[in-house]
2 protein chains.
Amino acid sequence: MFDEIDPRNPIPLYDQIAARIRMAVAAGDLAEGAALPSVRQLAARLRINPATVVQAYRVLEADGFVEMRQGSGTYVRGVAADRRRRAQEDQAQRLARDLLDEAAKLGIPGEDVVHAVKQELGVRTR
Amino acid sequence: MFDEIDPRNPIPLYDQIAARIRMAVAAGDLAEGAALPSVRQLAARLRINPATVVQAYRVLEADGFVEMRQGSGTYVRGVAADRRRRAQEDQAQRLARDLLDEAAKLGIPGEDVVHAVKQELGVRTR
DNA sequence: CCTAGTGTATTATTACACTAATACACTTAT
DNA sequence: ATAAGTGTATTAGTGTAATAATACACTAGG
(Lines give C-alpha, C1' and ligand atoms only; values in the text may rest on other atoms or scores of the structure.)
Protein backbone atom coordinates (compact mmCIF):
# COMPACT_ATOMS: atom_id res chain seq x y z
CA MET A 1 0.00 0.00 0.00
CA PHE A 2 2.97 2.28 0.53
CA ASP A 3 5.11 1.01 -2.29
CA GLU A 4 4.44 4.06 -4.42
CA ILE A 5 5.87 6.51 -1.91
CA ASP A 6 8.86 8.16 -3.53
CA PRO A 7 11.08 10.88 -2.05
CA ARG A 8 12.07 12.00 -5.54
CA ASN A 9 8.49 12.76 -6.41
CA PRO A 10 8.00 16.53 -6.11
CA ILE A 11 4.78 15.93 -4.22
CA PRO A 12 5.61 16.14 -0.51
CA LEU A 13 6.08 12.81 1.23
CA TYR A 14 3.38 13.51 3.78
CA ASP A 15 0.94 14.27 0.97
CA GLN A 16 1.80 11.07 -0.83
CA ILE A 17 1.30 9.08 2.34
CA ALA A 18 -1.99 10.78 3.16
CA ALA A 19 -3.22 10.21 -0.37
CA ARG A 20 -2.46 6.48 -0.20
CA ILE A 21 -4.30 6.08 3.05
CA ARG A 22 -7.25 8.11 1.86
CA MET A 23 -7.55 5.90 -1.17
CA ALA A 24 -7.28 2.78 0.94
CA VAL A 25 -10.07 4.01 3.16
CA ALA A 26 -12.21 4.99 0.20
CA ALA A 27 -11.64 1.58 -1.36
CA GLY A 28 -12.54 -0.16 1.85
CA ASP A 29 -9.08 -1.69 2.30
CA LEU A 30 -8.96 0.02 5.66
CA ALA A 31 -12.12 -0.58 7.60
CA GLU A 32 -13.47 1.58 10.38
CA GLY A 33 -11.45 1.19 13.54
CA ALA A 34 -8.49 -0.37 11.77
CA ALA A 35 -5.11 0.67 13.14
CA LEU A 36 -2.68 2.39 10.85
CA PRO A 37 0.97 1.47 11.13
CA SER A 38 2.57 3.35 13.97
CA VAL A 39 4.46 6.50 13.20
CA ARG A 40 7.78 4.80 13.83
CA GLN A 41 6.89 1.61 12.01
CA LEU A 42 5.87 3.36 8.87
CA ALA A 43 8.82 5.74 9.08
CA ALA A 44 11.21 2.82 9.35
CA ARG A 45 9.58 1.01 6.49
CA LEU A 46 9.77 4.05 4.24
CA ARG A 47 13.16 5.06 5.62
CA ILE A 48 11.98 8.54 6.42
CA ASN A 49 11.64 10.53 9.59
CA PRO A 50 8.78 9.74 11.97
CA ALA A 51 7.84 13.41 12.05
CA THR A 52 7.01 13.25 8.38
CA VAL A 53 4.61 10.40 8.98
CA VAL A 54 3.09 12.39 11.80
CA GLN A 55 2.48 15.24 9.42
CA ALA A 56 0.68 12.90 7.05
CA TYR A 57 -1.47 11.52 9.84
CA ARG A 58 -2.27 15.02 11.01
CA VAL A 59 -3.60 15.96 7.61
CA LEU A 60 -5.85 12.94 7.68
CA GLU A 61 -6.95 13.76 11.20
CA ALA A 62 -7.86 17.30 10.16
CA ASP A 63 -10.04 15.80 7.44
CA GLY A 64 -11.66 13.53 9.97
CA PHE A 65 -10.45 10.38 8.29
CA VAL A 66 -8.38 9.21 11.19
CA GLU A 67 -7.98 9.58 14.91
CA MET A 68 -4.65 9.74 16.70
CA ARG A 69 -4.60 8.48 20.28
CA GLN A 70 -1.50 9.26 22.24
CA GLY A 71 0.13 6.19 23.67
CA SER A 72 -2.14 3.93 21.70
CA GLY A 73 -2.06 4.43 17.96
CA THR A 74 -3.80 5.92 14.97
CA TYR A 75 -7.11 4.52 13.85
CA VAL A 76 -9.44 4.84 10.93
CA ARG A 77 -12.34 6.92 12.03
CA GLY A 78 -15.79 5.53 11.70
CA VAL A 79 -17.65 8.23 9.91
CA ALA A 80 -20.92 7.33 8.32
CA ALA A 81 -20.50 6.77 4.61
CA ASP A 82 -22.89 9.54 3.68
CA ARG A 83 -21.11 11.98 5.94
CA ARG A 84 -17.79 11.21 4.25
CA ARG A 85 -19.49 11.50 0.92
CA ARG A 86 -20.67 14.96 1.88
CA ALA A 87 -17.15 15.94 2.85
CA GLN A 88 -15.91 14.79 -0.52
CA GLU A 89 -18.48 16.86 -2.31
CA ASP A 90 -17.53 19.90 -0.29
CA GLN A 91 -13.91 19.41 -1.20
CA ALA A 92 -14.80 18.98 -4.84
CA GLN A 93 -16.69 22.24 -4.65
CA ARG A 94 -13.68 24.01 -3.17
CA LEU A 95 -11.43 22.62 -5.85
CA ALA A 96 -13.86 23.74 -8.53
CA ARG A 97 -14.01 27.23 -7.10
CA ASP A 98 -10.24 27.51 -6.99
CA LEU A 99 -10.01 26.23 -10.52
CA LEU A 100 -12.47 28.75 -11.88
CA ASP A 101 -10.75 31.54 -9.98
CA GLU A 102 -7.48 30.56 -11.57
CA ALA A 103 -9.05 30.30 -14.99
CA ALA A 104 -10.69 33.70 -14.63
CA LYS A 105 -7.31 35.16 -13.77
CA LEU A 106 -6.06 33.82 -17.08
CA GLY A 107 -9.09 35.09 -18.91
CA ILE A 108 -10.30 31.61 -19.76
CA PRO A 109 -14.06 31.18 -20.15
CA GLY A 110 -15.72 28.80 -17.71
CA GLU A 111 -17.14 26.73 -20.52
CA ASP A 112 -13.62 25.98 -21.73
CA VAL A 113 -12.77 24.73 -18.28
CA VAL A 114 -15.75 22.41 -18.13
CA HIS A 115 -14.92 21.07 -21.53
CA ALA A 116 -11.28 20.50 -20.63
CA VAL A 117 -12.17 18.69 -17.42
CA LYS A 118 -14.59 16.40 -19.21
CA GLN A 119 -12.06 15.61 -21.89
CA GLU A 120 -9.28 15.01 -19.39
CA LEU A 121 -11.54 12.73 -17.41
CA GLY A 122 -12.39 10.82 -20.54
CA VAL A 123 -8.75 10.22 -21.25
CA ARG A 124 -8.18 8.81 -17.80
CA THR A 125 -11.08 6.42 -17.58
CA ARG A 126 -10.24 5.03 -20.98
CA MET B 1 -5.65 49.24 -13.72
CA PHE B 2 -3.00 48.34 -11.15
CA ASP B 3 -4.83 49.58 -8.10
CA GLU B 4 -5.61 46.07 -6.94
CA ILE B 5 -1.99 45.00 -6.66
CA ASP B 6 -1.29 44.23 -3.04
CA PRO B 7 1.96 42.94 -1.52
CA ARG B 8 0.03 41.47 1.43
CA ASN B 9 -1.94 39.27 -0.91
CA PRO B 10 -0.42 35.79 -0.76
CA ILE B 11 -0.56 35.59 -4.53
CA PRO B 12 2.87 36.58 -5.84
CA LEU B 13 3.16 40.15 -7.01
CA TYR B 14 4.27 39.14 -10.48
CA ASP B 15 1.22 36.89 -10.78
CA GLN B 16 -1.11 39.65 -9.71
CA ILE B 17 0.41 42.02 -12.24
CA ALA B 18 0.29 39.48 -15.04
CA ALA B 19 -3.32 38.69 -14.24
CA ARG B 20 -4.33 42.35 -14.43
CA ILE B 21 -2.69 42.81 -17.77
CA ARG B 22 -4.12 39.61 -19.14
CA MET B 23 -7.57 40.74 -18.17
CA ALA B 24 -7.03 44.14 -19.70
CA VAL B 25 -5.96 42.52 -22.94
CA ALA B 26 -8.88 40.12 -22.91
CA ALA B 27 -11.27 42.99 -22.22
CA GLY B 28 -9.76 45.01 -25.03
CA ASP B 29 -8.55 47.79 -22.73
CA LEU B 30 -5.12 47.17 -24.13
CA ALA B 31 -5.19 46.99 -27.87
CA GLU B 32 -2.66 45.26 -30.07
CA GLY B 33 0.58 47.18 -30.19
CA ALA B 34 -0.17 49.22 -27.10
CA ALA B 35 2.85 49.88 -24.88
CA LEU B 36 2.79 48.65 -21.32
CA PRO B 37 4.31 50.89 -18.67
CA SER B 38 8.05 50.47 -18.57
CA VAL B 39 9.54 48.14 -16.02
CA ARG B 40 10.82 51.04 -13.97
CA GLN B 41 7.70 53.13 -14.29
CA LEU B 42 5.42 50.41 -13.08
CA ALA B 43 7.84 49.39 -10.34
CA ALA B 44 8.00 52.97 -9.09
CA ARG B 45 4.25 53.31 -9.19
CA LEU B 46 3.73 50.11 -7.23
CA ARG B 47 6.75 50.80 -5.02
CA ILE B 48 8.26 47.41 -5.76
CA ASN B 49 11.44 46.24 -7.41
CA PRO B 50 11.78 46.49 -11.18
CA ALA B 51 12.87 42.88 -11.32
CA THR B 52 9.47 41.83 -10.04
CA VAL B 53 7.75 43.66 -12.87
CA VAL B 54 10.14 42.00 -15.27
CA GLN B 55 9.09 38.63 -13.94
CA ALA B 56 5.46 39.51 -14.56
CA TYR B 57 6.20 40.64 -18.10
CA ARG B 58 8.18 37.49 -18.71
CA VAL B 59 5.23 35.34 -17.77
CA LEU B 60 3.10 37.24 -20.24
CA GLU B 61 5.74 36.96 -22.89
CA ALA B 62 5.94 33.22 -22.41
CA ASP B 63 2.20 33.09 -23.01
CA GLY B 64 2.63 35.16 -26.14
CA PHE B 65 0.54 38.01 -24.82
CA VAL B 66 3.29 40.54 -24.91
CA GLU B 67 6.59 41.28 -26.55
CA MET B 68 9.58 42.82 -24.78
CA ARG B 69 11.94 44.87 -26.91
CA GLN B 70 15.18 45.75 -25.25
CA GLY B 71 15.84 49.44 -25.25
CA SER B 72 12.36 50.17 -26.49
CA GLY B 73 9.60 48.85 -24.33
CA THR B 74 7.03 46.13 -23.84
CA TYR B 75 4.09 45.89 -26.20
CA VAL B 76 0.86 44.00 -26.47
CA ARG B 77 1.34 41.37 -29.06
CA GLY B 78 -0.97 41.13 -31.96
CA VAL B 79 -1.72 37.47 -31.97
CA ALA B 80 -4.49 36.25 -34.15
CA ALA B 81 -7.61 35.63 -32.15
CA ASP B 82 -7.61 31.94 -32.94
CA ARG B 83 -4.01 31.55 -31.86
CA ARG B 84 -4.77 33.12 -28.49
CA ARG B 85 -7.82 30.97 -28.28
CA ARG B 86 -5.64 27.91 -28.74
CA ALA B 87 -3.34 29.05 -25.98
CA GLN B 88 -6.31 29.45 -23.70
CA GLU B 89 -7.51 25.96 -24.41
CA ASP B 90 -4.09 24.55 -23.68
CA GLN B 91 -4.02 26.32 -20.39
CA ALA B 92 -7.50 25.12 -19.57
CA GLN B 93 -6.30 21.59 -20.24
CA ARG B 94 -3.39 22.03 -17.89
CA LEU B 95 -5.64 23.39 -15.19
CA ALA B 96 -8.02 20.48 -15.64
CA ARG B 97 -5.20 17.98 -15.35
CA ASP B 98 -3.94 19.56 -12.15
CA LEU B 99 -7.42 19.62 -10.75
CA LEU B 100 -8.06 15.96 -11.40
CA ASP B 101 -4.69 15.05 -9.95
CA GLU B 102 -5.56 16.92 -6.82
CA ALA B 103 -8.98 15.33 -6.64
CA ALA B 104 -7.57 11.85 -7.13
CA LYS B 105 -5.19 12.51 -4.28
CA LEU B 106 -8.19 13.21 -2.10
CA GLY B 107 -10.02 10.17 -3.34
CA ILE B 108 -12.70 12.23 -5.04
CA PRO B 109 -14.27 10.64 -8.13
CA GLY B 110 -13.81 12.53 -11.38
CA GLU B 111 -17.54 12.72 -11.92
CA ASP B 112 -17.92 14.64 -8.70
CA VAL B 113 -15.40 17.14 -9.95
CA VAL B 114 -17.18 17.67 -13.22
CA HIS B 115 -20.44 18.10 -11.39
CA ALA B 116 -18.94 20.59 -8.96
CA VAL B 117 -17.38 22.64 -11.72
CA LYS B 118 -20.63 22.80 -13.63
CA GLN B 119 -22.54 23.83 -10.55
CA GLU B 120 -19.98 26.44 -9.56
CA LEU B 121 -20.05 27.83 -13.06
CA GLY B 122 -23.82 28.01 -12.95
CA VAL B 123 -23.68 30.05 -9.78
CA ARG B 124 -21.34 32.55 -11.35
CA THR B 125 -23.10 33.15 -14.61
CA ARG B 126 -26.39 33.65 -12.83
C1' DC C 1 27.80 60.87 -30.82
C1' DC C 2 25.59 60.67 -26.48
C1' DT C 3 22.21 60.64 -23.22
C1' DA C 4 18.08 59.12 -21.20
C1' DG C 5 15.21 55.41 -21.16
C1' DT C 6 14.40 50.71 -22.18
C1' DG C 7 14.92 45.55 -21.21
C1' DT C 8 18.69 41.82 -19.43
C1' DA C 9 21.42 39.22 -16.36
C1' DT C 10 23.39 37.92 -12.14
C1' DT C 11 23.44 37.77 -7.55
C1' DA C 12 21.70 38.52 -2.68
C1' DT C 13 17.95 38.44 0.67
C1' DT C 14 14.00 36.78 2.69
C1' DA C 15 10.29 33.82 3.75
C1' DC C 16 8.31 29.55 3.74
C1' DA C 17 7.62 24.55 3.04
C1' DC C 18 9.49 20.16 3.77
C1' DT C 19 12.09 16.96 6.25
C1' DA C 20 14.66 15.53 10.09
C1' DA C 21 16.35 15.18 14.96
C1' DT C 22 15.52 14.73 19.69
C1' DA C 23 13.39 14.85 24.00
C1' DC C 24 8.88 14.38 26.16
C1' DA C 25 4.22 12.39 27.77
C1' DC C 26 0.88 9.03 27.55
C1' DT C 27 -1.09 3.93 27.12
C1' DT C 28 -0.99 -0.70 27.44
C1' DA C 29 0.32 -5.20 28.86
C1' DT C 30 3.06 -7.60 31.69
C1' DA D 1 5.82 -0.86 38.89
C1' DT D 2 7.85 -1.07 34.65
C1' DA D 3 9.06 -1.66 29.97
C1' DA D 4 8.00 -1.23 25.36
C1' DG D 5 5.36 1.07 22.24
C1' DT D 6 2.48 4.91 21.07
C1' DG D 7 1.64 9.94 19.77
C1' DT D 8 3.42 15.09 20.99
C1' DA D 9 6.21 19.07 20.94
C1' DT D 10 10.05 21.85 19.89
C1' DT D 11 13.81 22.86 17.32
C1' DA D 12 17.06 22.70 13.44
C1' DG D 13 18.59 21.88 8.79
C1' DT D 14 17.66 22.08 3.71
C1' DG D 15 15.77 23.54 -0.54
C1' DT D 16 13.03 26.57 -3.25
C1' DA D 17 10.14 30.45 -4.57
C1' DA D 18 9.56 35.35 -4.38
C1' DT D 19 11.45 39.72 -4.09
C1' DA D 20 15.06 42.94 -4.26
C1' DA D 21 19.58 45.04 -5.58
C1' DT D 22 22.87 46.19 -8.85
C1' DA D 23 25.45 46.35 -12.91
C1' DC D 24 25.05 45.57 -17.88
C1' DA D 25 23.46 46.03 -22.94
C1' DC D 26 20.55 47.80 -26.25
C1' DT D 27 17.45 51.61 -28.65
C1' DA D 28 15.85 55.89 -29.92
C1' DG D 29 15.89 60.88 -30.12
C1' DG D 30 18.29 65.06 -29.93
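Worth knowing before you read on, the calculation uses all heavy atoms, side chains too, and leaves out hydrogens, waters and symmetry mates. A, B, ... follow the sequence lines: proteins, then strands. Residue 1 opens every chain.
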I want to verify a distance call: between [options], whose nearest atom is closest to the [X] side chain?
X	options	answer
B/Val39	C/dG7, D/dA18, C/dA9	C/dG7
A/Asn49	C/dA20, C/dG7, D/dA20	C/dA20
B/Thr52	D/dT19, C/dA20, D/dT8	D/dT19
A/Leu13	D/dT27, D/dT19, C/dA20	C/dA20
A/Thr74	D/dA20, D/dG7, C/dG7	D/dG7
A/Tyr14	C/dT19, D/dT27, C/dT6	C/dT19

[X] [atom1] to [N] [atom2], straight-line distance once rounded to whole Å:
X	N	atom1	atom2	result
B/Arg8	D/dT19	CZ	P	15 Å
B/Asn9	D/dT19	CG	C1'	15 Å
A/Arg47	C/dT19	CZ	P	17 Å
B/Ile48	D/dA21	CD1	P	11 Å
A/Ile5	C/dT19	CD1	P	11 Å
B/Arg58	D/dT19	CZ	P	15 Å
A/Glu67	D/dT8	CD	C1'	15 Å
B/Leu36	C/dG7	CG	P	9 Å

Work out which heavy atom in B/Leu106 is nearest to a heavy atom in A/Gln88; give both atom names and the distance.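 Here B/Leu106 and A/Gln88 meet closest at O-NE2, 4.4 Å.
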Search all heavy atoms of B/Tyr14 against all heavy atoms of B/Thr52 and return the closest pair with its distance.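 Looking at all heavy atoms of both residues, the closest pair is CB-O, 3.7 Å.
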Show, in sequence, the C-alpha distance, side-chain angles and deciding distance for A/Arg77 and A/Asp63, and conclude whether the salt bridge (Lys or Arg N to Asp or Glu O under 4.0 Å) test is met. CA-CA 10 Å; A/Arg77 198 156 194 179; A/Asp63 290 351; over 6 Å; no
Does [X] have a side-chain nitrogen or oxygen under 4.0 Å from the phosphate oxygens OP1 or OP2 of [N]?
X	N	answer
A/Ser38	D/dT6	yes
A/Gln70	D/dA9	no
A/Tyr57	D/dG7	no

Contact class for [X] (heavy atom, under 4.0 Å): base, sugar-phosphate, or nothing?
X	answer
B/Arg40	base
B/Gln16	nothing
B/Gln41	sugar-phosphate

A/Gln16: what forms a side-chain hydrogen bond (donor to acceptor under 3.5 Å, both in side chains) with it, not counting sequence neighbours? none
Residue pair A/Arg69/A/Pro50 against DNA chain C: nearer the 5' end by closest nucleotide is A/Pro50
Nearest-nucleotide 5' precedence on DNA chain C, B/Glu61 against A/Ser72: B/Glu61
Counting distance only, does the side-chain N/O of A/Gln91 pair as donor-acceptor with the main-chain N or O of B/Ile108 below 3.5 Å? no
For A/Arg20, is there an ion pair with A/Asp29 - N to carboxylate O distance below 4.0 angstrom?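 So A/Asp29 does not pair with A/Arg20 through a salt bridge.
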